[in-house]
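See structure below.
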Amino acid sequence: SACGVLVELLWEEGGLHPAAFFSIDGPAHRARLEAIAPGGIDPSRHLLFRLDAPPFAALLDQSTPILLTPPFPPRWPGVEAGSRAAWLGVALRVRQEPTGFLCVRASDDAARRADDARLLAIVATSAALALDVSRDGERAEFVAMLRHDIANPLSTALGWADLLVDELGPDPASAPTIAVLDTIKQQLWAINELVTNYLHMAAIDRGTP
């Protein structure tokens, strides 16, 4: 949804026709079309393109917007068969790592094209930061849910262990069983501490003491 808002704003406010955003699927070594304006895309039919093929190979090597010229890969968004229209493209980078590509149809006017390239560079920098913050927000929400889901069974297991110890009482015959239950409780507390430390990584990333 964030990608969709991005291209719609770029299209509407910047007057660029059309605009498209591609995410990078590193393990698959593919670029995936996430959003296009105007018109949007069917969420169930995201198109995949090879990262080592034009135009993405050239975009990965550059940190500023570049002119992309035909031919484009099959099913390139907004390109009719035989079209010779050029595009402008730039890689979105977070901590120097490319995370996606923002592409817009280039104007035929050289002066307008230069202005569009400057706008695209500004938008790409801002969008990369915004999408990264959005991703951090989703991660924080996931971590909070995970902490809750893990804490509940741990608390339940510790509670039952305490209850069993109380039920056995001080009977010397129960000493071996109580020792086993104490060991189980120690291990559960150790798991709880490990999980808590790992789940605080989001706070550590933010510099929270």
Side-chain angles (χ1 to χ4, degrees), residues 1-26 28-43 45-140 205-206:
S1 60
C3 300
V5 170
L6 169 63
V7 296
E8 286 174 9
L9 286 173
L10 190 59
W11 167 59
E12 292 174 357
E13 303 299 330
L16 303 172
H17 305 277
F21 179 81
F22 302 83
S23 65
I24 293 177
D25 185 345
H29 206 61
R30 294 286 190 271
R32 182 170 117 151
L33 178 63
E34 296 287 356
I36 185 171
I41 60 173
D42 181 351
R45 298 187 62 191
H46 289 284
L47 302 181
L48 296 174
F49 302 88
R50 289 173 50 186
L51 279 179
D52 58 356
F56 300 110
L59 287 170
L60 286 172
D61 291 335
Q62 301 293 327
S63 58
T64 57
I66 60 173
L67 186 66
L68 309 175
T69 56
F72 292 101
R75 300 190 297 171
W76 181 265
V79 173
E80 302 80 14
S83 172
R84 305 303 297 172
W87 284 60
L88 288 168
V90 64
L92 277 67
R93 299 178 185 274
V94 177
R95 303 180 186 95
Q96 305 304 316
E97 288 296 320
T99 60
F101 306 99
L102 193 56
C103 300
V104 298
R105 179 79 64 83
S107 171
D108 293 331
D109 179 79
R112 171 64 188 275
R113 185 182 297 172
D115 289 340
D116 289 347
R118 284 190 286 270
L119 174 62
L120 192 60
I122 294 171
V123 171
T125 301
S126 301
L129 294 173
L131 291 173
D132 192 45
V133 169
S134 173
R135 191 178 297 113
D136 284 345
E138 292 177 356
R139 181 176 64 176
D205 286 345
R206 295 192 300 268

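All of these numbers come straight from a predicted model, not from anything done at the bench.
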Practice prompt. Would you mind reporting whether C103 and F72 have side-chain heavy atoms less than 4.5 Å apart?
Written response: no

**Message:** Strictly below 4.0 Å, N to O, side chains only: are R113 and D116 in salt-bridge contact?
**Reply:** no

L67 and L88, any side-chain heavy atoms less than 4.5 Å apart
yes

Nearest heavy-atom approach of A86 to R105 is O-CD, 3.6 Å

Scanning both residues in full, the closest heavy-atom pair of F22 with A31 reads CB-CB, 4.3 Å

Partner of V123 under side chain to side chain contact (heavy atoms under 4.5 Å, CB included), picked from V104, L92, L102, V90, is L102

Residues pairing under ring-ring contact (aromatic ring centres under 6.0 Å, His included) where one sits in residues 111-132, two or more places apart or in two chains, turn out to be none

The reported gap from CZ in R93 to CG in L60 (rounded to nearest 0.5 angstrom) is 6.5 Å

CZ of F21 to CD1 of I36, rounded to nearest 0.5 Å, is 13.5 Å

- [ ] Evaluate the criterion salt bridge (charged side-chain N to carboxylate O under 4.0 Å, His left out) for residue pair R112 and D115; output intermediate values, then yes/no.
- [x] CA-CA 5 Å; R112 171 64 188 275; D115 289 340; over 6 Å; no

The reported gap from CZ in R32 to CZ in F101 (rounded to nearest 0.5 angstrom) is 14.5 Å

Please table the atom pairs, donor to acceptor, closer than 3.5 Å between any side-chain atom in residues 47-59 and protein atoms at least two apart or in another chain.
unit_1: R50; atom_1: NE; unit_2: D52; atom_2: OD1; d: 3.0
unit_1: R50; atom_1: NH2; unit_2: D52; atom_2: OD1; d: 3.2
unit_1: R50; atom_1: NH2; unit_2: D52; atom_2: OD2; d: 3.3

Contacts satisfying side-chain hydrogen bond (donor to acceptor under 3.5 Å, both in side chains) that involve residues 61-72 (not counting sequence neighbours) are none

